[in-house]
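First the structure, in the form of structure tokens, and then the observations on it.
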2 protein chains.
Amino acid sequence: MTGTRMTRNRTAGRPTASLITAQKITLAAQELLSKNGDFTMSQLAKKLGVAPSSLYNHVASRDEVLAGLSDHIAQGISTHELQEAAARVRASDLTARVARNLWVEATASWARSYRTAFSLSPALVTTLAVTPVRNAPGTLGMYEQVTSAFVAFGFTPRDALLTVEALEAFLLGSATDVHAPIDIFDPGQRASSHPTMAEGFAELGNTPQDEAFELGLAALLAGLSTRLP
Amino acid sequence: MTGTRMTRNRTAGRPTASLITAQKITLAAQELLSKNGDFTMSQLAKKLGVAPSSLYNHVASRDEVLAGLSDHIAQGISTHELQEAAARVRASDLTARVARNLWVEATASWARSYRTAFSLSPALVTTLAVTPVRNAPGTLGMYEQVTSAFVAFGFTPRDALLTVEALEAFLLGSATDVHAPIDIFDPGQRASSHPTMAEGFAELGNTPQDEAFELGLAALLAGLSTRLP
DNA sequence: CTGATAAACGAATGTCGTTCGTTTTAGGGT
DNA sequence: ACCCTAAAACGAACGACATTCGTTTATCAG
């Protein structure tokens, strides 16, 4: 099979420099997900210029790719405003009312960043919701920043965690909602037997998901903020 | 190919009475999902005593089975309390404060039923979130009952629909949360570098998801109820 | 009585995630 | 400087799985 010595093209055996890393896999998966809404191990390998089986030298499974990406994305969620706000609360002596407003604004900013980040794919949402934080350092770090900011505002650590969990449910649901078609509530031919739905749908604009998100977020934060001192 | 006439055991050709229906398939899928958390077309066929290919005479695809089940489950969500409450509001002349409390209680009851129903499987959650209601008569009917009750309380149809959408995001997220392990927030070895998470987790009980759900639900409903007259 | 259609079956297909055996090279220990 | 282990690539193969196809048999409309 060998024949004469020729310029070895591109096959077989360990390469001089490693071609891929777990991180490159994560990033490639992110691109595929944002472009196609899904990915296969073959597509991943192709994008990286590698055989599918080679991926398994760096990750254990497709699920692990998903978990890694989930963690990467959680890490990228902006907690800036929350940290700044926490610093202000620790430093100055704000009135309860002002502090509450500050908490609502800063938390809303974090929440919007969270929803946008995870609206990449529904599969990602499920993964995040179910993966223990001890296997996801980026996620854990993000949570630590958020809960410690909440504690600065006067929550106990326990309440901070429960508050985050409640917010998270809303945010993950909202992130999933983003993938629904705009006319998901259109009753179609059944309009006449569902008059309230028909009328309500007719009066929705072109960004019902965004509007419902802002509505729910404001309500949720207002309600949660009453537990602050 | 025939050989002698014998007692035909159980093979080939149209049966005297149809063995399965779309409904039977839906119910079998529900059982598998609640028992195993998942199902395959083969498992479905086996449970129904039928060949996998026979399923396709009644449903177009696995996704359609999921959509049908989602609709079946949505249909089963209890709207009793909401309808009774709406009737009371229409009949008597309650004060705004009492009406608001009534709305909160009735809506909370519906919300709990909703969350419980869809905690059957995360895949079901995604399906519901993304399937247009015009293909899901049971879901549409449930929404009509809820929105028309909301309208009785003084919401405009548009606000009723946006309110339902906001609630739904929270409920679907909460339903997904149910599948998370209890110790999902345990920082493990990383506890020392994440003190707030560590302390918060240590003080959680054995039903953090339920507690976070009730916390978020109360906050959300309190916030949303301020939009009532 | 006779098509046409519904409903079952088994066999086959294509995709996908994953495993295995092989090959080549990098890098640490003597 | 030389091994020898382990890392990292490859292609081939496997087992699931959803789905399609051709065939067979029974029902039902005309």
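Chain A is the first sequence line, chain B the second, and so forth, proteins listed ahead of strands; every chain is numbered from 1.
- In plain terms, the two heavy atoms of B:Ala166 and A:Gly216 that are nearest each other are CB-CA, 3.8 Å.
- Counting only distance, with no hydrogens or angles, the side chain of A:Thr131 and the backbone of A:Leu128 share no donor-acceptor pair below 3.5 Å.
- Taking the ring centroids of A:Phe150 and A:Phe155, they lie under the 6.0 Å cut-off.
- We find that CG of A:Leu55 is positioned 13 Å from P of C:dT19, with the value rounded to whole Å.
- Under a 3.5 Å cut-off, the side chain of A:Glu165 and the backbone N or O of B:Ala212 do not form any donor-acceptor pair.
- Salt-bridge formation is detected for the pair A:Arg115/A:Asp210: a Lys NZ or Arg NE/NH1/NH2 atom is positioned less than 4.0 Å from an Asp or Glu carboxylate oxygen.
- For B:Ser54, a side-chain nitrogen or oxygen approaches OP1 or OP2 of C:dC9 to under 4.0 Å.
- For the pair B:Arg134 and A:Phe185, the cation-pi test (distance below 6.0 Å, angle within 45°) is failed.
- The stretch residues 18-31 of chain B touches DNA chain C through B:Ser18, B:Leu19, B:Ile20, each having a heavy atom under 4.0 angstrom from the strand.
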Dump the pairs, protein N or O against N or O of nucleotides 16-19 of chain D, anything under 3.5 Å, distances to one decimal.
unit_1	atom_1	unit_2	atom_2	d
D:dA18	OP1	B:Arg62	NE	3.1
D:dA18	OP2	B:Met41	N	2.8
D:dT19	OP2	B:Tyr56	OH	3.0
D:dT19	OP2	B:Arg62	N	2.8

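- With B:Glu203 contributing its side chain and A:Pro157 its backbone, the two residues share no donor-acceptor pair below 3.5 Å.
- Counting only distance, with no hydrogens or angles, the side chain of A:His72 and the backbone of A:Gly68 share no donor-acceptor pair below 3.5 Å.
- Going from atom NZ of A:Lys46 over to atom C1' of C:dT15 covers 14 Å, rounded to whole Å.
- Rounded to whole angstrom, the span from the CG atom of A:Leu44 across to the P atom of C:dC16 amounts to 13 Å.
- Rounded to an integer number of Å, the gap from A:Leu66 CG to C:dG17 C1' is 13 Å.
- At a cut-off of 3.5 angstrom, counting only N and O atoms as typed in the model, there is no donor on one side facing an acceptor on the other between the side-chain of A:Asn57 and the base of D:dA7.
- Stacking of B:Arg158 on the aromatic ring of A:Phe201 is not recorded, the 6.0 Å distance cut-off and the 45° axial limit not both being met.
- Side-chain contact annotation: A:Gln83 with A:Thr79, donor-acceptor N/O pair under 3.5 Å present.
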Let's go through A:Lys24 and A:His58 carefully: what are the C-alpha distance in whole Å and the side-chain angles of both, what is the deciding distance for side-chain contact (heavy atoms from CB on, under 4.5 Å) to 0.1 Å, and is it a yes or a no?
CA-CA 10 Å; A:Lys24 283 186 191 173; A:His58 303 267; over 6 Å; no
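- If you check residues 121-132 of chain A against DNA chain D, you find no residue with a heavy atom closer than 4.0 Å.
- Within the 4.0 Å cut-off from OP1 or OP2 of D:dA9, at least one side-chain nitrogen or oxygen of A:His58 is found.
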